[in-house]
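Quick notes on the structure that follows.
Chain letters run A, B, ... following the sequence lines, proteins first and then strands; every chain starts at 1.
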Amino acid sequence: MRTILKAENLQKTYRVGSVDVHALRGVSLDVEEGDFLAIMGPSGCGKSTLLHLFGGLLTPTAGRIVIDDEDLTAATDAQRTDIRRRKIGFVFQRFNLFPTLSADGNLRLAERIHAGSNGAGNAERRREVLTLLQLEDKMHHKPLEMSGGEQQRVALARAVVTSPAIILADEPTGNLDTENSAIVLNMFQEMNYRFNQTIIMITHNPEAAAMCRRIIQMRDGQIVAPNVVVQI
Amino acid sequence: MFDSLVAANILQRPVRALVSVAGVALGVCLVMLFTGLARGMSNDLERRSSNMRAEILFTRPGSKELMTSTVNLSTRYVEELERIAGVEAAVPVIRYISQGSRGFGIEQVEGVEWAPYAAMNGMRLIEGRAPEGNNEVVIDETKARNNRVGVGGEIQIFGNRAYRVVGVYSPESGARIKMSLAAMQDALETPNKCSYVLVKCRDANEQRVIAERIDAALPGNKIQFTNELVLNIEKSIPYLGVFLRTLVGLAAVVSALVVMLAMYTTITERTREIGVLKALGASRGYIISVIEKEALLISFLGLVIGFAVSFIAGHLIHRTYGLVFEYGWSWALTAAAIGLGGGALGALYPAMRAAGLDPVSALSYE
Ligand SMILES: Nc1ncnc2c1ncn2[C@@H]1O[C@H](COP(=O)(O)OP(=O)(O)O)[C@@H](O)[C@H]1O
Ligand SMILES: [Mg+2]
């Protein structure tokens, strides 16, 4: 198996006034292609910070991140944005769809940004993804005309449609009820199986974590229990 | 080119979009109406002056061409001018500029002895007769048509004095309203005086020699060749050019500020969406272009509406007040450049700010 993400001794220190907040205190992690990884841990232990580092939204204070053979930590700001465009798909707790665009419009926007200057979107791929997520009849609906669960499925579709190397999801079921959580988690799993899509997902929910292939536990900016392999 | 996000964003806030569009339209209207008016009036004056057949204009020194109402030249010069060799005719004229009859714009009136003046300039009465009495005038065809007044009608000059229209003449030349020289002298209380004397030469090619003779015989006066007169309002009204350029600058500032404000509030409102764009991997350039496209679309709408309003307003003002608007391509292009350029420039600062936002804090923005 190929290592698609490699993090070495990541440290991140926020400076708040004159106080240093050590959000990450040396995190090392390898993620293989096709993995579905859950990150768990108490609030404030540095999970989101780690995910933002992986996505190139933040830069580490020290350490190295290599994604799909590209060194994120050696890249300039613009290069990091470019790596994110080509290799990363984000799913957020708050869905973060564009409210003025339909489900299909949100996917097309992601495709357009992903494609850069060259080429238009792939309507067939969009349809395939939306169908897999059981959204084909919601294609032309705006986010506010959909339930939370549907919105989060559109957000997942938006992340998947460009076939990123890794999907980074920060508590994707945090705003959903149990039933919708289960549906969305099933969809994540489906994407992982069907497309061999690598996914890293932060979650507070042990049942959600149980649907992943692997769980890591964090505390105080460190990984305390790496590699808990879930028995399926 | 304009993707759905841009159009959708504008539709999301229709009132704000409309206000911004109106701001740009206002700037465009300012430029179009003022430059159109200056050009229209200038061309109108030039057209009428070009029918002047006399080669030489004889005035007192200090008289300013055809744009003032000075009446300080003694009519006894007429006889002396006619005695000079090569002069075919000399015709005294009083030109008076008064406020327009509807209290807006300017209107010119001339006092001339009709027969010699008409003979010199090849004009004829197409209706009625020449002005004689103290309250009689003739008007040109354009005036008759615009004011819907004909022989037997009445017009007001010098504030509120009523004059009877006794004739309509063609072609247009000089002021559109003419009365007899005596009537004008009487009205202005300037007996035996005129503004200038038009001198027609027997041979137009001799005008320079004749001008020298006039200068020798009647020294100390001002002798101008009519074909050299600057009849362009833009040149004869001092600082009109400066005024127009200032106006254009202000219009640009208005457009830029309106669009800047609109885009600034837009990006503040959409901070989280900008964070999402960044999370999707949108580059600085992409984010700037999304915002610039929105601004350009607003500016373009403003431009179209501005042009439409200018034409309609110009037409209405012309019909109501008789002011002439002529829109030139170069000013229209300037107005377009100001609308679009101002909008693009105004949006640049908000766009750069948006592009520079920190993605993580933008994503957590409430
Ligand atoms: N922008 C920031 N500035 C200062 N401190 C921050 C910032 N972001 C996060 N932190 C701090 O870093 C620590 C880890 O935060 P975070 O990664 O959000 O944790 P988690 O997602 O596990 O709840 C917390 O103590 C948090 O207060
Ligand atoms: Mg978090």
Taking every heavy atom of A:Phe90 against every heavy atom of B:Ala279, the minimum-distance pair comes out as CD1-O, 3.6 Å
What do the steps show when you test A:Leu97 against B:Val276 for side-chain contact (heavy atoms from CB on, under 4.5 Å), and what is the final call?
CA-CA 8 Å; A:Leu97 297 172; B:Val276 178; over 6 Å; no
Hey, are the side chains of B:Leu363 and A:Arg94 touching, using non-hydrogen atoms and a 4.5 Å cut-off?
no
Evaluate whether atom NE2 of A:His204 has more than 12 neighbouring non-hydrogen atoms of other residues, nucleotides or ligands under 6.0 angstrom away.
yes
B:Phe34, CZ atom: more than 12 neighbouring heavy atoms under 6.0 Å:
no
Contact class of A:Arg86 relative to chain B, heavy atoms under 4.5 angstrom:
neither
Which atoms of B:Leu11 are under 4.5 Å from chain A, going by heavy atoms: the side chain, the backbone, both sets, or neither?
neither
Would you say CZ of A:Arg15 has more than 12 non-hydrogen atoms from neighbouring residues, nucleotides or ligands within 6.0 angstrom?
yes
To the nearest 0.5 Å, what is the distance between OG on B:Ser361 and CG on A:Leu57?
10.5 Å
Any side-chain heavy atom of B:Pro359 within less than 4.5 Å of one from A:His52?
no
4.5 Å side-chain heavy-atom contact, B:Val360 and A:Thr49
no
Are any non-hydrogen side-chain atoms of B:Arg270 and A:Thr100 less than 4.5 angstrom apart?
no
Shortest non-hydrogen separation from A:Ala110 to B:Leu280 and the atoms involved
CB-CD2, 4.2 Å
Around A:Phe195, counting heavy atoms of other residues, nucleotides and ligands shown, do more than 12 lie under 6.0 Å from its CZ?
yes
Heavy-atom distance under 4.5 Å between the side chains of A:Thr81 and B:Lys278, does that happen here?
no
Segment of B:Arg284 engaging chain A (4.5 angstrom heavy-atom cut-off)
neither
